[in-house]
Amino acid sequence: MHIRDFYKNKKPVVSLEVFPPKTEDRTEIISRLVSKFKELSPAFISVTYGAGGTTRETTIEIASLVSRLGFEVMAHLTCVGHTTGEIDDILSRLNAGGVGNILALRGDPPKGVQNYDHTKDDFRFAADLIRHIRKKGIFGIGAAAYPEGHIASPRISTDWAYLKEKTDAGAELLITQLFFDNRVFYHFLESVRKIGVTCPISAGILPVLNAGALERMISLCGASIPAEVLAMLERYESDPEGLEKAGIEYATAQVQDLVENGVDGVHLYTLNRSDWVTQVLRNVDLDRWEPPEAWQFWQPGAGEGLPHGVNEDYHRGG
Ligand code: FAD
C-alpha cells in the first residue's frame, strides 16, 4: 500500500518513527518494540536513515524486518554523499524487502564536515531525489517540512517555496519537523496551502522526556521552545520522572488539539519507546474519535480546506 492511500478515508492517520539500534541485538529490540505497537494500529512505521548514510545497512535491515512483521513501512533515505548507483542499489534492496514508501531527504553532511559542497553530489536537494524515485514508479514518496523554516534557510518563505517544489516533484506526503507550539503548525499549514501545497501533512510530535536530549535536538533543528515548555523544564529541573510525566501530558494536549483541528496525520517520533506513545494515543482515545460530518477527507489532487485555529498574530521569533 502506498502512503497516498492511507489518507483517503482516515483522519488523523497515525504513523510512528523508529531508528535502527546500534547494538547487535537490534532485530530483537525492534521486534519487541513493534509488537507493542501492533495494538495501536499505526498506518505505517517509518525507519530513520543515519546522518550521512551511517545506517545504510541497518536501515535496510530494520525496514525490511518491520515489513515482514506485518506493517506498512516508510524508509527514510538521504541522498547527501550518495551516487545515483548507490541510491538505486538501496532502493532496489528496500523494494525487495517489502518496503513500499520512501521519505526522500537531502540529509546533512557527516558530523564534523565543514562547508560541505552539495553541488558535487549527484542529488543536490531532496527534490532531485524525489524526481529520481518518482521515475521508477514503485514507491510512495514522502518529504520533510519545516513549520519554522529549515535551519539553514535564510527566509522561511523561501524554504516553503522549496517545499512546494518537493510536492511538484512528486512528494505525496509531508511530515513536519517537531514543534512545541501548535500555532506554529497552523500558521505554517495555512501559509503552504496558500501557495498550492495540497498533499496531506502529518504533524511530527516529540514529547519533552529529558532536558539534555531536548537541548541536543533543538540545537540540530532549531525549533523554538515556548514559555510553557521552558517553565516545565525549570519546574522539574531536578525531578526527571516529573518532567517525563509533564512532557507526556504536554504531548497529549498537543495531539488532542491537532486532532480537534482536523490535522491530516500525527507522526510520533517514538525514540524507540512504546510507553509514552501508548499513553499519548490512549489519552487522546483516537479509536472513539469521530470527525464532524462536515469534514472532507483528502483526495489525490484535491485542494484543502481544513478547519484550523490559525493565530494570525504568530510571527517567527516574535
Ligand atoms: P531539502 O528539502 O533539500 O532542503 C535543504 C535546504 O536546502 C533547505 O534549507 C532548503 O530551503 C534548501 N533548498 C531546497 N531546495 C532548494 C533549491 N532548489 N535551491 C536552493 N535551496 C534549496 N536526517 C537524516 O539524516 N536521517 C533521517 O532519517 C531524517 N529524517 C527526517 C525526518 C523528518 C520528518 C524531518 C523533518 C527531517 C529528517 N531528517 C533526517 C533531517 C533532514 O535530513 C535535514 O533537515 C536536512 O538538513 C534537510 O533535508 P531535506 O530533505 O529537508 O532537504
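All values reported here derive from a predicted model rather than from experimental measurement. Whatever order the structure lists ligands and atoms in, that order sets their numbers, starting from 1.
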>> As a test of reading the model: which residues have a non-hydrogen atom less than 4.0 Å away from ligand 1?
In response: Thr48, Tyr49, Ala51, His76, Thr78, Leu103, Leu105, Arg106, Gly107, Asp108, Phe125, Ala126, Ala144, Tyr146, His150, Ser153, Asp159, Tyr162, Glu165, Lys166, Ile175, Thr176, Gln177, Tyr269
> Among all residues two or more places apart in sequence or in another chain, which pass the side-chain hydrogen bond (donor to acceptor under 3.5 Å, both in side chains) test with Glu86?
Replying inline: His82
>> Under a plain distance cut-off of 3.5 Å, with no hydrogens placed, do Asp108 and Tyr116 share a side-chain donor-acceptor pair?
In response: no
> Listed by chain and number, what are the salt bridge (Lys or Arg N to Asp or Glu O under 4.0 Å) partners of Glu28, not counting sequence neighbours?
Replying inline: none
> Taking NZ, NE, NH1 and NH2 as the nitrogens, is one of them in Arg93 or Glu57 under 4.0 Å from a carboxylate oxygen of the other?
Replying inline: yes
For a quick test of your reading: what N or O donor-acceptor pairs under 3.5 Å do the side chains of residues 94-101 make, sequence neighbours left out?
unit_1, atom_1, unit_2, atom_2, d
Asn101, OD1, Ile3, N, 3.0
Asn101, ND2, Met1, O, 3.4
Asn101, ND2, Val73, O, 3.3

> Just checking, any donor-acceptor pair under 3.5 angstrom between side chains of Thr83 and Asp122?
Replying inline: no
